[in-house]
Amino acid sequence: MKRLCFSIALLGMMLHIGAQTLIKGNYQKGDTAIYQSQAKFNVALPTGGVSEIEATYNNRYVILDACENGFKVERILTDLVINGNEEAAEMVSQIEDLKTSQDVPFIFTTDSNGKPVKIENYDEIKTKIAASVTSLIEKTLGRHPEMAAMKDRLIEAAVSRLTEDALLDDADAVNVFSLNGKTIKTGDNDEEVKEGLKVKSTYTVTPILGQTVVAKNSTINMTEDDIKAFVIDQLVKSGLPEEQVEMVKQNWGQMVAMGIAKMDVNGTETFRILKGGWMQDVKSDFKMNAMGAETSYSSTSKLVNKNF
């Protein structure tokens, strides 16, 4: 009997592997969920060696409204604690994003599947984040007076990146909603382009004890020309002086010959999704090699409090 039950269960799992699954949020007005996150970064320092940066924080989500067309959601990031070398932390864009987003209410609407589509308080968010970004840049330049002349350029470049699409993409990257709207099955592939970075992902979908477990394996899918265009674009957006950007363009062939004009990203994300569409937890593990600098990143976000 045990063998028969196991065989039936195994058959059910095998049949499910070939079936497509729509990832959809079935939230209710008033739903509140708090996720506790821990992220670790190993950053290669310009002076040599590696520094570990750790961040812990909470994300609170409240469903403000629910209707046939979608949901209105408030997200607030709180209780941010960062441990590690402060200057090394400034090299990690994700850390800077956490700092500037802390305690800023982020209200967005979604489509009927729970995928974020619009920021309701965009102007308010942009103003508050821009103020935080300016403060961080001024603090950084205080430790590097030789770069003081770049202050206005750096602030202008940073603030110009705070478009609604960029911020909404960040909301989508908040793991709780990142899969909503996708119809996937085991073996499916997709390619996402975010700020010029092309990433190819392969999915595995498995039902386990009433939950849906999705594993997402991602790699860079870029040609040498793609990488060059991406690097130049990022340097321009970072506020680097035009003459220095031009120098990188002129020396690109030499950088290729030296083997440092490369980008590799390999990562795995695992999502455990409850029946109502909320995530039980999300685990991520990435290794990156960009322009000769190696960085690794791991994070865990888990549901620690809810009212549903």
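All of these numbers come straight from a predicted model, not from anything done at the bench.
Atom CG of Asn305 and atom CD1 of Ile34 lie 4.5 Å apart (nearest 0.5 Å). In this structure, the separation between CD on Glu74 and CG on Asp65 is 13.0 Å, given to the nearest 0.5 Å. Note that OG of Ser132 is 11.0 Å distant from CD1 of Ile137, once rounded to the nearest 0.5 Å. Taking CG from Leu168 and CD1 from Ile119, the interatomic distance works out to 5.0 Å, rounded to the nearest 0.5 Å. The CD1 atom of Ile184 lies 5.5 Å from the CG atom of Leu179; values are rounded to the nearest 0.5 Å. Put simply, CG on Asn189 and OG1 on Thr202 are 3.5 Å apart, with the number rounded to the nearest 0.5 Å.
In this structure Ser201 satisfies the side chain to side chain donor-acceptor pair (under 3.5 Å) test together with Ser218, sequence neighbours excluded.
If you chain together hydrophobic residues whose side chains sit under 4.5 Å apart, Leu303 and Val62 never meet in one group. Tracing side-chain contacts under 4.5 Å through hydrophobic residues (I, L, V, M, F, W, Y), one reaches Met222 starting from Met255; they form part of the same cluster. Leu136 and Leu141 are members of different hydrophobic clusters when ILVMFWY side chains are connected at heavy-atom separations under 4.5 Å. The same ILVMFWY cluster, assembled from side-chain heavy atoms under 4.5 Å apart, contains both Ile227 and Met288. Side-chain heavy atoms closer than 4.5 Å link hydrophobic residues (I, L, V, M, F, W, Y) into clusters, and following such links, possibly through other members, connects Val236 to Trp252.
Residues Ser298 and Phe286 form no side-chain contact, since every pair of their non-hydrogen atoms from C-beta on lies 4.5 Å or further apart. Looking at Ser112 and Phe71, their side chains never come closer than 4.5 Å, going by heavy atoms from C-beta outward. Leu167 places a side-chain heavy atom less than 4.5 Å from the side chain of Ile125. When side chains are defined from C-beta on, Tyr35 does not count as touching Lys302, because their heavy atoms never get closer than 4.5 Å. Side-chain contact between Ile220 and Leu197 is present, with heavy atoms from C-beta onward closer than 4.5 Å. Between Val214 and Thr270, every side-chain heavy-atom pair lies at or beyond the 4.5 Å cut-off. The shortest side-chain heavy-atom distance between Lys115 and Phe177 does not fall under the 4.5 Å cut-off. Looking at Asn83 and Ile53, their side chains never come closer than 4.5 Å, going by heavy atoms from C-beta outward.
Ring-plane geometry between Trp278 and Tyr27 is classed as tilted, the angle between the planes lying from 30 to 60 degrees on a 0 to 90 degree scale.
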Leu274 vs Gln211, side-chain contact (heavy atoms from CB on, under 4.5 Å): CA-CA, chis, key distance, verdict:
CA-CA 5 Å; Leu274 301 171; Gln211 299 182 356; 3.4 Å; yes
With side-chain contact (heavy atoms from CB on, under 4.5 Å) as the criterion, how do Thr206 and Thr204 come out once you've worked through the C-alpha distance, each side chain's angles and the decisive distance to 0.1 Å?
CA-CA 7 Å; Thr206 310; Thr204 302; 4.0 Å; yes
side-chain contact (heavy atoms from CB on, under 4.5 Å) between Val199 and Asn221: does it pass, once the steps are laid out?
CA-CA 5 Å; Val199 179; Asn221 187 31; over 6 Å; no
Should Phe271 and Val213 be marked as a side-chain contact (heavy atoms from CB on, under 4.5 Å) after you check the CA-CA gap, both sets of side-chain angles, and the distance that decides it?
CA-CA 6 Å; Phe271 307 81; Val213 179; over 6 Å; no
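Side chain of Thr212 to backbone of Pro207: no donor-acceptor contact under 3.5 angstrom is found. The main-chain N or O of Phe308 is found under 3.5 Å from a side-chain atom of Lys306 such that the two form a donor-acceptor pair. Put simply, the side chain of Asp111 gets close to the backbone of Asn113: a donor and an acceptor are under 3.5 Å apart. Between the side chain of Asp233 and the backbone N or O of Phe230 there is no donor-acceptor pair closer than 3.5 Å. One N or O on the side chain of Asn121 and one on the backbone of Ile107 form a donor-acceptor pair closer than 3.5 Å. A donor-acceptor contact shorter than 3.5 Å links the side chain of Asp31 to the backbone of Gln28.
Ion pair Lys228/Glu224 not flagged as a salt bridge, since none of the NZ, NE, NH1 or NH2 atoms sits closer than 4.0 Å to an Asp/Glu carboxylate oxygen. Checked for salt-bridge contact, Glu164 and Lys126 miss the test: no charged N lies under 4.0 Å from a carboxylate O. One finds no salt bridge joining Glu242 and Lys249 here, because no Lys/Arg side-chain nitrogen approaches an Asp/Glu carboxylate oxygen to under 4.0 Å.
Closest approach of Asn59 and Tyr61 over heavy atoms only: CB-CE1, 3.7 Å. Shortest non-hydrogen contact noted between Pro105 and Ile76 is CA-CG1, 3.9 Å. For Gly30 against Asn307, the heavy-atom pair with the smallest separation is O-ND2, 3.0 Å. When all heavy atoms of Val159 and Ala130 are compared, the closest pair comes out as CG2-CB, 4.1 Å. Heavy atoms only, all atoms of each residue included: Val245 and Leu235 are closest at CG2-CB, 4.2 Å. Minimum heavy-atom separation, Lys29 to Leu64: CE-O, 3.3 Å.
Sorted pairs that involve residues 94-105 and meet side-chain hydrogen bond (donor to acceptor under 3.5 Å, both in side chains), not counting sequence neighbours, are lacking altogether. Sequence neighbours left out, the pairs with a member in residues 275-289 that pass salt bridge (Lys or Arg N to Asp or Glu O under 4.0 Å) are Arg272-Asp281.
Crowding of Gln244 atom CD: a count of heavy atoms from other residues, nucleotides or ligands under 6.0 Å exceeding 12. Surrounding CD of Glu243 are more than 12 heavy atoms belonging to other residues, nucleotides or ligands, all under 6.0 Å away.
Shown are Lys198, Lys200, Lys216; of these, the salt bridge (Lys or Arg N to Asp or Glu O under 4.0 Å) with Glu192 is made only by Lys216.
Residues Thr268 and Asn217 bring a donor and an acceptor atom of their side chains to less than 3.5 Å of each other. Judged purely by distance below 3.5 Å, without hydrogens or angles, the side chains of Asp190 and Tyr203 pair a donor atom with an acceptor atom.
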